[in-house]
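As C-alpha cells, the structure follows; a few thoughts come after it.
As the structure lists them, so they are numbered: ligands from 1, and atoms in each ligand from 1.
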Amino acid sequence: MSERVPLIAGNWKMNLTPDEGRAWCDGFKARLATPPERVEIAVCPPFTALEAVVSSLVGYPAWVGSQTIHSQASGAHTGEISAEMVLATGAVGTILGHSERREAGETDEMVATRVRRALDAGLRVILCVGERLEQREAGETDAHVRAQVAAALARVDRGESQRIDIAYEPIWAIGTGRTATPEIAQETCAVVRDAASAHVDGGVIRVLYGGSVNDQNAAELLSQADIDGALVGGASLDVEKFAAIVEAA
Ligand code: PEP
C-alpha cells in the first residue's frame with residue numbers, strides 16, 4: 001500500500017435501528033478503544049440511524065456517511081433525502097452509485113449529478129463502480145468500469161481529489177461470499193485509478209475494494225498496491241469482524 005491512508009468503510013445497507021446503531025458504536029468503541037493511527041474509519045448507516053450514530057461516535061476517530069443523497073437540495077421528491085439533510089445530522093459523507101441503487105434505476109447521469117451535488121454541499125463521496133458477472137466473463141470489465149468512472153467524475157475538479165474515494169465493487173462479489181481474488185481486485189482497482197486520473201489526481205485518490213470482504217480475506221486484499229481500503233457490507237454489521245478488518249489495514 002502507498003502513503004495514502006487506508007479507509008475502511010462500513011455500509012450497513014437497510015440494517016440497524018437507531019438503538020441498534022448506538023449499541024454497535026458502544027461495542028466497537030469498547031473493542032477498538034484506540035484504533036490504529038494510519039487507518040481512517042467510516043460508517044454508513046441508514047438515514048434513520050445517522051443522528052444516533054453521529055452522536056455515539058463523538059470524540060471517536062471515525063466519520064459517518066449516508067448511503068445516497070438526492071440531486072436536489074429540497075422539493076417534491078417523496079422518499080428522498082438531500083445532502084443538506086444528511087449534513088444536518090452531523091454526517092460528513094455519502095456513498096453514491098452503489099450497485100444496489102443502480103439496480104433500482106440510478107443511471108450514470110444521476111450518479112454524476114449526485115456526485116457534483118454532494119461535493120457542492122460539502123459532503124465527501126465514496127463512489128461505487130463495478131461490473132456484472134456476464135460483463136466480466138465477456139471481457140468487458142475494464143471498459144465498463146472506465147465508463148462508469150468517466151461519467152461519474154465528469155464534473156469533478158482535480159482539486160477535489162481528496163474528497164472522493166472510489167470503491168471498486170464487482171457485483172458478483174457483493175453479498176455472495178465470492179470475493180474477487182487479490183489479483184483480480186488489484187488489476188481492476190489499477191484500471192479504476194487510471195480511469196480516474198483523467199479527472200482527479202490518481203496518486204491521491206483512494207481506490208477501495210468491496211465485495212464479501214471479511215476478517216479472513218482483508219489483509220491480503222489490502223496488501224495490494226492499488227487497494228487503499230475496503231467498503232464492507234455484511235461483515236461491517238459484526239463489531240468483531242469490522243474491527244479485525246480495520247486492524248488488518
Ligand atoms: C457492499 O454492499 O458495499 C458490499 C461490499 O457488501 P458485502 O461486503 O456484503 O459484499
| request: May I ask whether Gly175 has any heavy atom positioned less than 4.0 angstrom from an atom of ligand 1? | output: yes
| field | Arg132 and its salt bridge (Lys or Arg N to Asp or Glu O under 4.0 Å) partner, picked from Glu137, Glu169, Glu140, Glu103 | value | Glu103
| message | Regarding Arg206 and Asp165, does a basic nitrogen lie under 4.0 Å from an acidic carboxylate oxygen? | response | yes
| task | Check whether any heavy atom of Ser99 sits under 4.0 Å from an atom of ligand 1. | result | no
| message | Against Glu160, only a single residue in Arg116, His199, Arg155 fulfils side chain to side chain donor-acceptor pair (under 3.5 Å); can you say which? | response | Arg116
| Asn11 contact mode with ligand 1 (heavy-atom cut-off under 4.0 Å) | side chain
| task | Could you check Asp19 against Arg22 for salt bridge (Lys or Arg N to Asp or Glu O under 4.0 Å), going step by step and ending with a plain yes or no? | result | CA-CA 5 Å; Asp19 279 350; Arg22 274 187 276 268; 2.9 Å; yes
| When the ring planes of Phe242 and Phe28 are compared, do they come out parallel, tilted or perpendicular, using 30° and 60° as the limits? | tilted
| task | Verify the cluster assignment for Val213 and Ile184: are they in a single hydrophobic cluster under the rule of side-chain heavy atoms below 4.5 Å apart? | result | no
| field | Nearest-contact summary for atom 8 (O) of ligand 1 - protein heavy atom, Å | value | Gly233 N, 2.8 Å
| Do the charged groups of Glu109 and Arg114 touch, with an N to O distance under 4.0 Å? | no
| Are Val145 and Leu153 joined in one hydrophobic group, where the rule is that I, L, V, M, F, W and Y side chains link up if heavy atoms are under 4.5 Å apart? | yes
| message | Taking 4.0 angstrom as the limit and counting only heavy atoms of Gly211, give me the atoms of ligand 1 inside it, by number and element. | response | 5 (C), 10 (O)
| request: Run the numbers for me: atoms of ligand 1, each under 4.0 Å from some heavy atom of Ser212, listed by number. | output: 7 (P), 8 (O), 10 (O)
| query | What protein heavy atom sits nearest atom 2 (O) of ligand 1, and how far away is it? | reply | Lys13 NZ, 2.5 Å
| said: Quick check on contacts: which atoms of ligand 1 are under 4.0 angstrom from a heavy atom of Leu231? | reply: 3 (O), 5 (C)
| remark: ligand 1 atoms nearer than 4.0 angstrom to some heavy atom of Gly234 are 7 (P), 8 (O), 9 (O)
| note | One finds that the ligand 1 atoms under 4.0 Å from a non-hydrogen atom of Ala173 are 10 (O)
| Residue and atom name of the nearest protein heavy atom (relative to atom 3 (O) of ligand 1), distance in Å to one decimal | Glu169 OE2, 2.7 Å
| said: Give me the residue, atom name and distance of the protein heavy atom closest to atom 1 (C) of ligand 1. | reply: His98 NE2, 3.2 Å
